[in-house]
**Student:** 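Questions regarding the structure given below will be posed in turn.
The structure displayed is predicted, hence computed values, not measured ones. Just follow the structure's listing: the first ligand is 1, and inside any ligand the first atom is 1.
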Amino acid sequence: TVCSSKYVLSALHPMWQGPLVAPGGNRQSPIDIQVRKTVFDPHFKPLSPEYDPRTCSQVWNNGYSFLVEYDDTTDKSTLKGGPLEDTFRLCQFHFHWGESNAWGSEHTVDRRLFPAELHLVHWNSDKYKLFEEAVMEENGLAVIGVFLKIGNRHEGLQKLVDVLPAVRHKDSVVEFTRFDPACLLPANIDDYWSYAGSLTTPPLSEAVTWIIMKQPIEVSHDQLAVFRSLLFTSAEEEVQKSMVNNFRVQQPLKGRTVRSSFT
Ligand SMILES: COc1ccc(C[C@H]2SC(=O)NC2=O)c(OC)c1
Ligand SMILES: [Zn+2]
């Protein structure tokens with residue numbers, strides 16, 4: 001069972017606006033991280049992602065992004081430490097990006113937009129048996145966010161870029177194995193921000209402990225162009241729509257504190 005095949009996203013408009021704030025939502029994501037207002041937390045432990053590339057199973061175009069799915073029936077690929085009290089199991093990663101390099105990320109740092117953002121999605125396997133349970137519980141999920149900037153070609157990402165044409169249309173799937181998602185983390189994973197937030201697409205559940213890396217990773221212009229060659233639409237639809245701008249608008253902080261692992 002892989003987490004992401006369990007949820008069906010509602011039909012999402014490319015510039016998915018959705019409800020500006022989920023009804024009664026006071027911990028919605030994404031947000032702008034105002035660095036000078038973040039608070040250093042000396043109790044954060046080192047973040048320890050331990051991923052087994054053999055749990056990688058497939059790439060799927062779900063009509064909103066492309067998801068790289070991991071077998072999450074065992075604790076072979078986990079995330080511990082940082083702000084987390086429990087062990088979280090990796091179930092998928094995906095990206096958000098723009099139609100141009102000027103925008104595309106969901107979170108911003110002092111209003112700075114990045115061309116894309118990676119989300120590594122994990123669920124609390126100490127407390128829950130299945131992803132579906134965890135996604136409805138406060139702090140049932142932990143998502144690592146990594147900003148992408150245009151620069152050198154990312155050799156690890158290229159293996160994924162090479163299979164994207166096979167999942168051009170919505171609902172297409174291709175087998176994808178032995179991919180170590182740790183290669184997509186920045187060199188420095190000790191410097192990050194963390195805050196209590198939500199899913200950024202329906203059902204917008206307020207279940208996420210966000211861990212946003214301070215250091216971006218570099219990908220080439222051409223690699224990001226392949227992301228934009230994907231389609232929101234299935235092969236049957238007459239009008240094909242490019243998969244771009246699949247990010248949510250920023251949400252009010254509502255008094256939340258963003259903590260930092262560094263001074
Ligand atoms: C019903 O469960 C869901 C629904 C949607 C997403 C995807 C959202 S959440 C995020 O961080 N980015 C996204 O696009 C999800 O991911 C954990 C889990
Ligand atoms: Zn996401």
**Student:** Evaluate whether atom CD of Glu133 has more than 12 neighbouring non-hydrogen atoms of other residues, nucleotides or ligands under 6.0 angstrom away.
**Tutor:**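 More than 12 heavy atoms, drawn from other residues, nucleotides or ligands, come within 6.0 Å of this atom.
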**Student:** Which one holds for Val135 and ligand 1: side chain close, backbone close, both close, or neither close, with close meaning a heavy atom under 4.0 Å?
**Tutor:** side chain
**Student:** Just going by heavy-atom distances, which of His94, Glu106, His119, His122 is nearest to atom 13 (C) of ligand 1?
**Tutor:**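 Considering heavy atoms of His94, Glu106, His119, His122, the nearest to atom 13 (C) of ligand 1 sits in His94.
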**Student:** Should the pair Asp75-Arg89 be classified as a salt bridge under the 4.0 Å nitrogen-to-oxygen rule?
**Tutor:** yes
**Student:** For ligand 1, is Gln92 a contact, meaning one of its heavy atoms is under 4.0 Å away?
**Tutor:** yes
**Student:** Would you say Phe93 contacts ligand 1, with heavy atoms under 4.0 Å as the rule?
**Tutor:** no
**Student:** Using 2.8 Å as the cut-off, note every protein N, O or S atom close to the Zn ion (ligand 2).
**Tutor:** His94 NE2, His96 NE2, His119 ND1
**Student:** With a 4.0 Å cut-off on heavy atoms, is Pro203 in contact with ligand 1?
**Tutor:** yes
**Student:** Using a heavy-atom cut-off of under 4.0 Å, does the side chain or the backbone of Pro202 touch ligand 1, or both, or neither?
**Tutor:**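 Under 4.0 Å from ligand 1, Pro202 contributes backbone atoms alone.
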**Student:** Would you call Asp41 and Arg259 a salt bridge, taking side-chain N to carboxylate O under 4.0 Å as the test?
**Tutor:** yes
**Student:** Measure from atom 18 (C) of ligand 1 to every heavy atom in Phe95, Trp123, Phe131 and give the option owning the shortest one.
**Tutor:** Phe131
**Student:** I'd like to know whether the aromatic ring centres of His96 and Phe114 sit less than 6.0 Å apart in this structure.
**Tutor:**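 Ring centres of Phe114 and His96 not closer than 6.0 Å.
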**Student:** Specify side chain, backbone, both or neither for Val121, according to which of its non-hydrogen atoms lie closer than 4.0 Å to ligand 1.
**Tutor:**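 Side chain only.
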**Student:** By the side-chain hydrogen bond (donor to acceptor under 3.5 Å, both in side chains) test, which pairs, at least two apart or in different chains, include something from residues 207-216?
**Tutor:**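 Every side-chain hydrogen bond (donor to acceptor under 3.5 Å, both in side chains) pair that includes a residue of residues 207-216, provided the two are not neighbours, is Ser29-Trp210.
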**Student:** Strictly under 6.0 Å, is that where the ring centroids of Trp193 and Phe262 end up?
**Tutor:**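 Between Trp193 and Phe262, the centre distance is under 6.0 Å.
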**Student:** Take atom NZ in Lys159; do more than 12 heavy atoms of anything else shown fall under 6.0 Å from it?
**Tutor:** yes
**Student:** In chain order, what residues pass the side-chain hydrogen bond (donor to acceptor under 3.5 Å, both in side chains) check against Thr108, with sequence neighbours excluded?
**Tutor:** Asp32, Gln250
**Student:** Does Asp180 have any side-chain hydrogen bond (donor to acceptor under 3.5 Å, both in side chains) partners at least two apart in sequence or in another chain, and if so, which?
**Tutor:**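 side-chain hydrogen bond (donor to acceptor under 3.5 Å, both in side chains) check on Asp180 returns nothing, list empty.
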